[in-house]
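Below is one structure, written out as structure tokens, with a few remarks after it.
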Amino acid sequence: MIITEIVENKAVMCTEDHFVGIGSTRKVYRWKDYVVKVNLHSIGHQQSIRELEIYEYMQANGFGELFAPTYYVDEEICIQQYFPELPMMDHQSRYDIPEQSDFRKFPNKYKECVELLDEKFDIFNIKDSSNYGLNEKSELVFIDYGMSKKLYEDAWVPAAENGDVPQIDVLACDKCGIVKEIRMYGEADSLVRCHSCGKE
């Protein structure tokens, strides 16, 4: 089974050749039709646990097709189905998904699903485009859906203030000069360098 293969060979698969993205708490690699989210902080593990819980609930209640399936979670990794990220808009790395329900990439039951995520799972920042991928019909799919408002306020914010997890800003990298996402660790961090230029 491919999931077992990934778990047993994650050290080989999770290399820079397979790197697809990095957030404040997890680093993501692609292997064939799957992504492996590697925890960079314990908050990442909590997000992965919630993603498995949310996916199983949504699958059982008729909303499963709106989510990247979460197949496996342990203390180090989370395995999900791969979906290409939502394209950038006006050179922005992230933007707010528009509110109008007739947006052509909105899947059926999207609005109802978002309301359920908010009411039952206290989901945080659900309209941020970086949380979405696209399926084969070019419809929105949730690919990063494990952060709750409570987890954000009680764990992520204090960790960011202490410099334990980075805040993400869009700045010109001091090394390559390209304006992109920069990981900044607390107020004392003065190294404005992107991931490609060596800053984890």
Side-chain angles (χ1 to χ4, degrees), residues 10 13-48 51 67-68 76-99 103 105 123-135 138-149 151-153 155-200:
K10 60 190 174 187
M13 297 176 180
C14 296
T15 64
E16 289 306 307
D17 290 340
H18 302 288
F19 171 76
V20 293
I22 188 169
S24 60
T25 62
R26 298 182 290 184
K27 191 171 184 179
V28 184
Y29 303 87
R30 181 181 177 185
W31 182 259
K32 299 180 181 177
D33 294 327
Y34 301 87
V35 292
V36 183
K37 299 181 178 181
V38 178
N39 299 329
L40 302 175
H41 191 278
S42 60
I43 296 172
H45 181 220
Q46 294 177 67
Q47 287 175 262
S48 295
E51 284 175 345
F67 294 81
E76 296 180 358
I77 66 170
C78 170
I79 300 174
Q80 289 181 336
Q81 185 176 341
Y82 169 76
F83 289 92
E85 293 179 329
L86 202 60
M88 292 188 295
M89 182 182 291
D90 298 328
H91 305 291
Q92 293 177 312
S93 58
R94 56 184 62 205
Y95 52 90
D96 289 337
I97 297 294
E99 291 288 340
F103 181 50
K105 291 179 180 171
I123 211 77
F124 174 74
N125 212 16
I126 198 61
K127 295 298 182 73
D128 187 326
S129 64
S130 66
N131 295 324
Y132 293 85
L134 293 175
N135 65 17
S138 294
E139 294 174 337
L140 295 172
V141 176
F142 294 103
I143 60 173
D144 187 351
Y145 49 93
M147 181 67 79
S148 68
K149 297 183 185 99
L151 182 60
Y152 175 78
E153 293 168 1
W156 191 91
V157 170
E161 290 174 347
N162 293 334
D164 296 329
V165 299
Q167 297 187 61
I168 311 298
D169 205 347
V170 178
L171 302 166
C173 172
D174 285 346
K175 187 171 183 180
C176 69
I178 300 173
V179 176
K180 58 172 72 175
E181 288 189 350
I182 306 293
R183 301 161 63 78
M184 302 300 294
Y185 292 85
E187 294 181 1
D189 185 5
S190 60
L191 183 62
V192 182
R193 186 173 294 178
C194 69
H195 176 266
S196 299
C197 291
K199 187 173 183 182
E200 285 285 318

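Everything numeric in this text was worked out from a predicted model, so none of it was measured.
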Could you check whether any side-chain heavy atom of [X] comes within less than 4.5 Å of a side-chain heavy atom of [Y], counting everything from C-beta outward?
X	Y	value
Phe19	Tyr29	yes
Ser196	Cys176	no
Trp31	Ile79	no
Gln47	Lys37	no
Pro166	Met184	no
Val35	Ile143	no

Within 6.0 Å of CD in Glu85, more than 12 heavy atoms from elsewhere |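 Result for CD/Glu85: open.
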Has Asp33 got more than 12 heavy atoms of other residues, nucleotides or ligands less than 6.0 Å from its CG?
->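 Atom CG in Asp33 is not crowded, with 12 or fewer foreign heavy atoms closer than 6.0 Å.
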To the nearest 0.5 Å, what is the distance between [atom1] ([X]) and [atom2] ([Y])?
X	Y	atom1	atom2	answer
Glu153	Phe124	CD	CZ	8.0 Å
Cys194	Ile22	SG	CD1	11.0 Å
Tyr132	Leu140	OH	CG	6.5 Å
Asp164	Ser24	CG	OG	11.5 Å
Trp156	Thr25	CH2	OG1	9.5 Å
Leu40	Arg26	CG	CZ	9.5 Å

So, [X] side chain and [Y] main chain: donor-acceptor pair closer than 3.5 Å or not?
X	Y	answer
Ser138	Leu134	no
Asp144	Ser130	no
Glu51	Tyr145	yes
Lys199	Leu191	yes

Charged N to carboxylate O under 4.0 angstrom, Glu16 versus Lys27?
->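 Yes.
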Write down the atom of [X], the atom of [Y], and the distance for their closest heavy-atom approach.
X	Y	result
Ala68	Val141	N-CG1, 3.4 Å
Arg30	Lys32	NE-O, 2.8 Å
Cys197	Cys173	SG-SG, 3.8 Å
Ala155	Pro158	O-CD, 3.4 Å
Cys14	Val38	SG-CG2, 3.8 Å
Asn39	Gly44	OD1-C, 3.3 Å

Single hit among Glu200, Arg183, Glu181, Lys180 for side-chain hydrogen bond (donor to acceptor under 3.5 Å, both in side chains) with His195 |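 Exactly one option meets the side-chain hydrogen bond (donor to acceptor under 3.5 Å, both in side chains) with His195, and it is Glu200.
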